[in-house]
Amino acid sequence: LHHAKAAGRDTHRFYAEAMNAEAVAHLSTRSGLRRALERGEFLIHYQPQISLETGAVTGAEALLRWNHPDKGMVPPGDFIPIAEDSGLIVPIGAWVLTEACRQAAQWHTQGLSLSVAVNLSALQLQRGDLVATVTRALAESGLDPLLLELELTESMLIQNTDVVMDNLRRIKAMGVQVSIDDFGTGYSNLSYIGRLAVDKLKIDRGFVADLTRNHDSAKITAAVIQMAHSLNLTAVAEGVEDSETLEALRGLHCDVAQGYYLGRPGPAEAVERAARQVNPFRVGV
Ligand code: C2E
Ligand code: MG
Ligand code: MG
Ligand code: MG
């Protein structure tokens, strides 16, 4: 008994220390994020999006990276939740919008008409200054609003407050495209799709990844593509990792695809190079 008690105490101490270490790491990330904006440690990687009809690159998703002075490249999953908790996602998100619009406008001056998709956080969508931030990013860059796309998730639409609805209505009125990211993993009430005039559904890579091996994933993917088309929406598949999946998606008449097989997120130049080719990934060849 004595022994067990001592072991229990040790376990307890172990957890307390681990929790403490996590809290410290959290705090240091938070102050690091604050400095990162000032010091220009953020950058954007772009992942190409390909038309399954023509094989051409039609746009790219902007994916935030933090080039930390000691830790190197930090993935968004490690810092975006902390940026959301602390509210820092608002200025960081504004930076992403500005930079992504600047890049897409530069592509346009280089003769490449590519759209850019930017991920939004719930907090950004809930704030009254979102429309002003988007307007400024477009005005400063001179980007055609039709070439900007904002990615939301289903869970962000559960809070259909007046501010959220008004933001979406005004963003749509500007001509900016709206897509639902990770579609199929969240909120199952689909009534918002028609009501909010969404443009695209991005099928979650959880379904796409095992499409050729898992019958349920194949059925769900087919159903989402059909639903998108009957509502006049574009169907985008995320997480395409091999040519078999790509061909299966073509067979299902999916419109756009994105994934490691078609290009990993990387510097803007990689997207440019692919976009200058007619059918760089030999889709359907
Ligand atoms: P997401 O928007 O669903 O982005 C797709 C994620 O899947 C990216 O991870 C991308 O690198 C990864 N991915 C793309 N193709 C494949 C594939 O074929 N296989 C696999 N296994 N993964 C693939 P990443 O860059 O780590 O971003 C993770 C998430 O972080 C994003 O998921 C998005 O929710 C969030 N995020 C990224 N940038 C921003 C941003 O600027 N603002 C906000 N609020 N969130 C962002
Ligand atoms: Mg996304
Ligand atoms: Mg996604
Ligand atoms: Mg995701």
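Each ligand, and each atom within it, is numbered from 1 in the order the structure gives. Residues take their numbers from the sequence shown, with the count starting at 1.
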Could you pull out, from [options], the option with a heavy atom nearest to [atom]?
atom	options	value
atom 33 (C) of ligand 1	Thr185, Ile89, Leu125, Asn119	Asn119
atom 37 (C) of ligand 1	Asp181, Val118, Leu63, Asp204	Leu63
atom 25 (O) of ligand 1	Gln258, Arg65, Glu151, Lys202	Arg65

Under a 4.5 Å cut-off applied to non-hydrogen side-chain atoms, are [X] and [Y] in contact?
X	Y	result
Leu43	Met73	yes
Asn67	Arg65	no
Asp144	His108	no

- Query: Which value, rounded to 10°, describes the OE1(Glu151)-the Mg ion (ligand 2)-OE2(Glu61) angle?
  - Reply: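 With the Mg ion (ligand 2) as the vertex, OE1 (Glu151) and OE2 (Glu61) sit 100° apart.
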Can you confirm, on distance only, whether ligand 1 has an N/O atom lying under 3.5 Å from any N/O atom belonging to [X]?
X	result
Leu64	yes
Asp182	yes
Gln124	no

For ligand 1, note which part of [X] has a heavy atom under 4.0 Å away: side chain, backbone, both or neither.
X	value
Glu84	neither
Arg264	neither
Glu61	side chain
Ser121	both

N, O or S from Asp181 under 2.8 Å to the Mg ion (ligand 2): yes
Open item on the list: Please determine whether Asp182 has a backbone or side-chain N, O or S atom lying under 2.8 Å from the Mg ion (ligand 2).
Closed with: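 So Asp182 does not bind the Mg ion (ligand 2) by this criterion.
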Per-atom contacts of ligand 1 with [X], taking only distances under 4.0 Å to non-hydrogen atoms:
X	result
Val96	41 (O)
Gln47	14 (C), 15 (N)
Glu238	3 (O)
Val240	18 (O)
Pro76	24 (P), 25 (O), 26 (O), 27 (O), 28 (C), 30 (O), 37 (C)
Glu241	17 (C), 18 (O), 19 (N), 20 (C), 21 (N)

Give a yes/no on ligand 1: does Gly93 have at least one heavy atom closer than 4.0 angstrom to it? no
| query | Can Pro75 be said to touch ligand 1, with heavy atoms closer than 4.0 Å? | reply |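 No; Pro75 lies far enough from ligand 1 that no heavy-atom distance drops under 4.0 Å.
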**Request:** On the 0 to 90° scale, with breaks at 30° and 60°, tag the Trp107-Tyr46 ring pair as parallel, tilted or perpendicular.
**Result:** perpendicular
Looking at [X] and [Y], does any basic side-chain N land under 4.0 Å from a carboxylate oxygen?
X	Y	value
Glu61	Lys202	yes
Arg250	Glu247	yes
Asp216	Lys219	no

| said: Using a 4.5 Å cut-off between side-chain heavy atoms of Ile, Leu, Val, Met, Phe, Trp and Tyr, which other residues end up in the same hydrophobic cluster as Val236? | reply: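 So far as hydrophobic clustering goes, Val236 is joined with Val256.
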So, for [X] and [Y], which heavy atoms are closest and what is the spacing to 0.1 Å?
X	Y	answer
Gly186	Glu154	N-OE1, 3.0 Å
Val74	Phe79	O-CE2, 3.4 Å
Lys172	Asp199	NZ-OD2, 2.6 Å

*Examine distances only and state if a side-chain atom of Ser51 and a backbone atom of Glu53 form a donor-acceptor pair shorter than 3.5 Å.*
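Present.
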Show your working on side chain to side chain donor-acceptor pair (under 3.5 Å) between Arg273 and Gln277 and close with a plain yes or no.
-> CA-CA 7 Å; Arg273 268 194 302 279; Gln277 294 169 250; over 6 Å; no
